[in-house]
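Some notes on the structure that comes next.
Chain letters run A, B, ... following the sequence lines, proteins first and then strands; every chain starts at 1. Any value given below was found using the heavy atoms of this structure, including those in side chains, with hydrogens, waters and symmetry copies removed.
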Amino acid sequence: MYKELAKTYDPKDIEEKLYEKWMNKKYFHAEVDWSRKPFTIVIPPPNITGQLHMGHALDNTMQDILVRFKRMQGYNTLWQPGTDHASIATEVKIIEKLKEEGIDKDELGREGFLKRAWEWKKEYGGRIIEQLKKLGSSCDWDRERFTMDEGCSKAVTEVFLRLHKKKMIYKGSRIINWCPICRTSISDAEVVYEEQAGHFWHIKYPVVGTDEFLEFATTRPETMLGDTAVAVHPEDERYAHLVGKSVMLPFVNREIPIIADSYVDREFGMGVVKITPAHDPNDFEVGRRHNLPEINIMNDDATINENGGKFCGMDRYAARKQIVKELDEMGLLVRIEDYSHNVGTHDRCHTTIEPMIKQQWFVKMDELIKPAIKAVKEKEIKLVPERYESTYFNWTDNIRDWCISRQLWWGHRIPAYYCDKCGEIVVAKEMPKVCPSCGCEHFTQDPDTLDTWFSSALWPFSTLGWPDETEDLKYFYPTDVLVTGYDIIFFWVIRMIFSGYEQMGEKPFRTVLFHGLVRDSQGRKMSKSLGNGIDPLKIIEQYGADALRFTLITGNAPGNDMRFYMERVEASRNFANKVWNASRFIMMNLERADGSEASGDSLTDADKWILSKVNTLVKDVTENMEKFELGIAAQKIYDFIWEEFCDWYIEMVKPRLYRDVDETKGAAIWTLKTVLTTALKLLHPYMPFITEEIFCTLKELESKGEEEESIMISSWPEYQESLSFAAEEEAVETIKQAVKSIRGVRSGMNVPPSRKAAVIVVSAQDRIREIFEGSRVFFSTLAAASEVTIQADKTGIAQDAVSAVIPGATLYMPLSDLVDIEKEIARLNKERDRLTGEIKRSQGMLSNENFVKKAPAAKIKEEEEKLAKYTNMMNQVLEQLKHLGC
RNA sequence: GGAGAUAUAGCUCAGCUGGGAGAGCAUUCGCUUGACGUGCGAAAGGUCAUGGGUUCGAGUCCCCUUGUCUCCACCA
């Protein structure tokens, strides 16, 4: 029956094997079953370009914990997996690859490019999925989806058509963020601002018809080529006489008006702003207010176009240099100031954004966002932690229309078709046959594709079959929890929420659980450029997935960033090893039960104590997990297993097991198994592999039936009132205190563990003596006791025996040969001082009239009990000191 | 400019609705204790950033100040 298990736990042996087993058994798979309650999580779809990083590892560990927890609780659990086509990220990657092969994207053409992209997806798109499996993720892989698969694409077209019909999608000429390297527009959310050292160029334009000049400052002199006005504040007296006049724009020799607009800050710079409507978002607004011409001076690659006169063909920075130089020569450059300012860059390639006016497609946000605001405000959707609500509202309150067209090839092509003859726009699922306007039969589809987030916004329902009214959709939607990092609230979370309400008429999920960033040990973001990233797969390889998962989930509060330390991984690995060895111990001793599998009646105080403890643990862990306090729950399991179960209970049980005859042996083994099984179940969501391995080995040893063939589909433990044993808990706590005191005294006296000593327990209280009577057997292993004598008074105790005082009892150890009486007295004096302090504190509180009057009765009682306890201990210490002649 | 987070033991961080400060790692001492040295036992180490306030009572709630971080806005 005894099974030989390795002395140290080696995850490599089992992880792959168990994952395969789970897959084969279809434990991850969910089917609609109206007799059971569903629990659904949709995965934040990783990019097909992605490699598993620590952020993914954390995100997916959290999801897996929730899913495994709910599955064990009996929910019909679906974790919907899939990947995102990641339009721009992927396109950039493929362009790079083509470049290596010497192929130019434009030469290859759209079709050829897409063919290559799909090939790439086929080859690498599944890589991250395989990596998620190594983590232990229990996704329903039978349902794996891709944002560009047929169903999701259908959903995208459907939404586009619907919104267009409701006039919530429109095409318009707006100022957008243009990336000259990627040659596409990007949304506001994709712009990151970087502080850059630049200059403030003070320039002056001659005022027409006078000999005056108007001076202003700019950080971007090259945009002057597109200036169509100069603005001052309407109430600025310095320039009041100039409003209505005009200035002459150098180089292009355009006469432009001096206008008044309150957008100008009188205090800043010269209080004069040059207005370039085509290349600055604020100027654009001003321009529209004043009906100014919008002159685009740049090509898509940010070189100056024909509107820039002689600078045509120059790069924007080269032009800047040249323009400054020539202005200086013309005497129009007043001075140059150093100036550090924020520059918008593209979050993918960090190229400085060029604001440009372009025809683009937009989603109108004002109406769409309303239900999304309401939902969070009214807690229809809960954000955890709650503080992310302010971030959420910050965005929703300042929302601008969403630019959804991208000048890319990889993605969902915009379902808009232009009549070749009259230019009529038809938005339709397929290319129309005849132009409704002119009858022409030739159309060209809009070349642009949609923002990646347009399709991921639909993810919670597109993956379940929408727009078809599938059973899956009816059953699994709305989903329960969305787990994600706070960094994509704007990109994704908000957009899913308004899309859910708009398309489904219902929230996409009930709770959003945010986590923070995983940083390196110095608190820096893990990044490729710094080279400080830690590869989760390497950690798994070296320490096991369980250790990695446990590390990621413990030691920080929800939503906070965390630092990743190898020392913490080691600690988690050590914990896994601890669990392994505790189990090994139990399995090694199963045979000692010699058939006496008794439970109930023969349970000792210690058994009841640990059963009671694990019962409380069940409650605490379940409650915390329900509150999404995964780290607290994990910590409680850890503490219980290591301290209570291993360090105390197992040590207490040893003498019972090793004795030839012990009528409580069966009860001990039964308790060991019961508590272990319960603890393993609680731990399973966190450490799925090791718990499964032990659980199954244990079942195998017992050759029990198939009723619980895997821990992952076993039932979650429940708190039982009948397993709460207050008296036994108190009894064992007394014993623990006694043991600790003895250890403390021995250690203080430098008594080696090999030197056993008799322990004489003296207590006037029947109850205390009874407790010790029932527990004397523990003292041999726990406190190096040779024998334990229990008596009501001090009869027969050697004068120089060392003593340890606990509430209600004094413990004596005759160790005269080793004991230094002076030291013993010093120790007792220290104890006396400590108790004096405690008593003083307690008395102080109790003699405080306000405390007695206002504090709750329970608190007062508690304090009175403490006082009694310390007074009792004090008397024992004083007596002992007196005994030693002090 | 606006918002949020954070300041607790040498390091990294917990500390739920206010009622005697905790963990992991590191440190010191002891241990071939019939599961585990990836271990066991004992210990040392904190005026909980500063200053106020509320309260019988504040690490915990409120305000001020200071430091650090993040997000948003983007005044040319």
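- For A:Lys382, the NZ atom sits in a loose shell: 12 or fewer heavy atoms of surrounding residues, nucleotides or ligands are nearer than 6.0 Å.
- A:Glu849 CD: 12 or fewer foreign heavy atoms inside a 6.0 Å radius.
- Rounded to whole Å, the separation between the P atoms of B:rG59 and B:rC16 comes to 13 Å.
- Residues A:Arg568 and A:Thr554 meet the side-chain proximity criterion, which asks for heavy atoms closer than 4.5 Å.
- Counting any heavy atom pair closer than 4.0 Å across all strands shown, A:Glu651 reaches a base atom.
- One N or O donor and one acceptor, one from the side chain of A:Arg573 and one from the base of B:rU38, sit under 3.5 Å apart.
- If A:Phe490 and A:Asn850 are placed on RNA chain B by their nearest nucleotide, the residue sitting closer to the 5' end is A:Asn850.
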| query | What would the secondary structure line of RNA chain B be in dot-bracket form, counting Watson-Crick and G-U wobble pairs under 3.5 Å, with [ ] for pairs that cross earlier ones and | for pairs with another strand? | reply | (((((((..((((.....[..)))).(((((.......))))).....(.(((..]....))).))))))))....
Could you list all N or O pairs between the protein and nucleotides 6-8 of chain B that sit under 3.5 Å apart?
none

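- For the pair A:Trp580 and B:rA35, the ring geometry does not qualify as stacking, because the centroid separation below 5.5 Å and plane angle under 30° are not jointly satisfied.
- Nucleic acid contact class of A:Arg400 (heavy atoms, under 4.0 Å, all strands): sugar-phosphate only.
- Contact annotation for A:Tyr9: no contact, since no heavy-atom pair falls under 4.0 Å across all strands.
- At the heavy-atom level, A:Tyr339 lies under 4.0 Å from the strands shown only through sugar-phosphate atoms.
- For A:Lys654, a side-chain nitrogen or oxygen approaches OP1 or OP2 of B:rA35 to under 4.0 Å.
- When side chains are defined from C-beta on, A:Thr551 counts as touching A:Phe564, because their heavy atoms get closer than 4.5 Å.
- In this structure, A:Phe779 places its CZ atom 16 Å from P of B:rG41, rounding to the nearest Å.
- Judged by distance alone, the side chain of A:Tyr388 and the main-chain N or O of A:Val512 form no donor-acceptor pair under 3.5 Å.
- Using a 4.0 Å heavy-atom criterion, one finds that A:Ile489 contacts no nucleic acid atom at all.
- Nearer to the 5' terminus of RNA chain B, by closest-nucleotide assignment, is the contact made by A:Asp639 (compared with the other of A:Asp639 and A:Met270).
- Summarising the geometry, the separation between CG on A:Leu676 and P on B:rA35 is reported as 15 Å, rounded to the nearest angstrom.
- Here the separation of B:rA21 from B:rU60, taken at their P atoms, is 13 Å to the nearest Å.
- Each of B:rC13, B:rC56, B:rA44 was ranked by its minimum atom distance to the side chain of A:Asn556; first place goes to B:rC13.
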| Could you walk me through whether A:Tyr205 and A:Phe216 pass the ring pair (Phe, Tyr, Trp, His ring centres under 6.0 Å) check? | CA-CA 8 Å; A:Tyr205 290 163; A:Phe216 58 89; 4.6 Å; yes
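- The distance from atom CD1 of A:Ile586 to atom P of B:rG34 is 18 Å, rounded to the nearest whole Å.
- A:Asn394 comes within 4.0 angstrom of a nucleotide base, judged by non-hydrogen atoms across all strands.
- A distance of about 11 Å separates the P atoms of B:rU50 and B:rA9, rounded to the whole Å.
- Atom-to-atom, CZ of A:Arg519 to P of B:rU68 comes out at 16 Å; the value is rounded to the nearest Å.
- At the heavy-atom level, A:Trp642 lies under 4.0 Å from the strands shown only through sugar-phosphate atoms.
- A sub-4.0 Å separation between OP1 or OP2 of B:rC25 and a side-chain N or O of A:Arg568 is absent.
- B:rC72 and B:rG53: their C1' atoms are spaced 32 Å apart (whole Å).
- At the heavy-atom level, A:Lys853 lies nowhere under 4.0 Å from the strands shown.
- Residues A:Phe689 and A:Tyr9 meet the side-chain proximity criterion, which asks for heavy atoms closer than 4.5 Å.
- A cation-pi arrangement, defined by a distance under 6.0 Å to the six-membered ring centre and an angle within 45 degrees of its axis, is absent between A:Lys578 and A:Tyr638.
- As a whole-Å value, the separation of A:Glu629 CD from B:rU17 P is 10 Å.
- The residues A:Glu285 and A:Arg288 are annotated as not salt-bridged, no charged nitrogen and carboxylate oxygen being separated by less than 4.0 angstrom.
- Distance check on atom P: B:rA44 versus B:rA7 gives 26 Å, rounded to whole Å.
- Rounded to a whole Å, the CG atom of A:Leu517 is 17 Å from the C1' atom of B:rU12.
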| field | Step-by-step side chain to side chain donor-acceptor pair (under 3.5 Å) determination, A:Glu337 to A:His202 | value | CA-CA 8 Å; A:Glu337 247 181 274; A:His202 288 252; 2.7 Å; yes
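- Comparing the P positions of B:rA14 and B:rU8 gives an interatomic distance of 11 Å, to the nearest angstrom.
- A donor-acceptor contact shorter than 3.5 Å is absent between the side chain of A:Thr396 and the backbone of A:Ile373.
- A:Tyr388 comes within contact range of no nucleotide atom at all, as no heavy-atom separation falls under 4.0 Å.
- Base contact: A:Ala582 has a heavy atom under 4.0 Å from a base atom.
- Between B:rG46 and B:rG52, the two C1' atoms lie 23 Å apart (nearest whole Å).
- Taking 3.5 Å as the limit, the base of B:rC36 and the side chain of A:Lys7 contain no donor-acceptor pair of atoms between them.
- Taking atom NZ of residue A:Lys854 and atom C1' of nucleotide B:rG18, one finds them 16 Å apart after rounding to whole Å.
- Atom CZ of A:Arg400 is surrounded by 12 or fewer heavy atoms from other residues, nucleotides or ligands within 6.0 Å.
- For B:rA14, the base has no donor-acceptor partner in the side chain of A:Lys636 [N/O atoms by modelled type, under 3.5 angstrom].
- Atom NZ of A:Lys830 sits in a sparse spot, with 12 or fewer heavy atoms from other residues, nucleotides or ligands closer than 6.0 Å.
- Nucleic acid contact class of A:Tyr565 (heavy atoms, under 4.0 Å, all strands): sugar-phosphate only.
- Here A:Asn342 lies in heavy-atom contact (under 4.0 Å) with a base.
- Nucleotides B:rU17 and B:rA5 are separated by 14 Å at their P atoms, to the nearest Å.
- The residue A:Asp647 sits close only to the backbone: its heavy atoms come under 4.0 Å of sugar-phosphate atoms, none of a base.
- Among the atoms of the strands shown, base atoms are found under 4.0 Å from some heavy atom of A:Pro856.
- An OP1 or OP2 oxygen of B:rU33 is reached within less than 4.0 angstrom by no side-chain nitrogen or oxygen of A:Tyr658.
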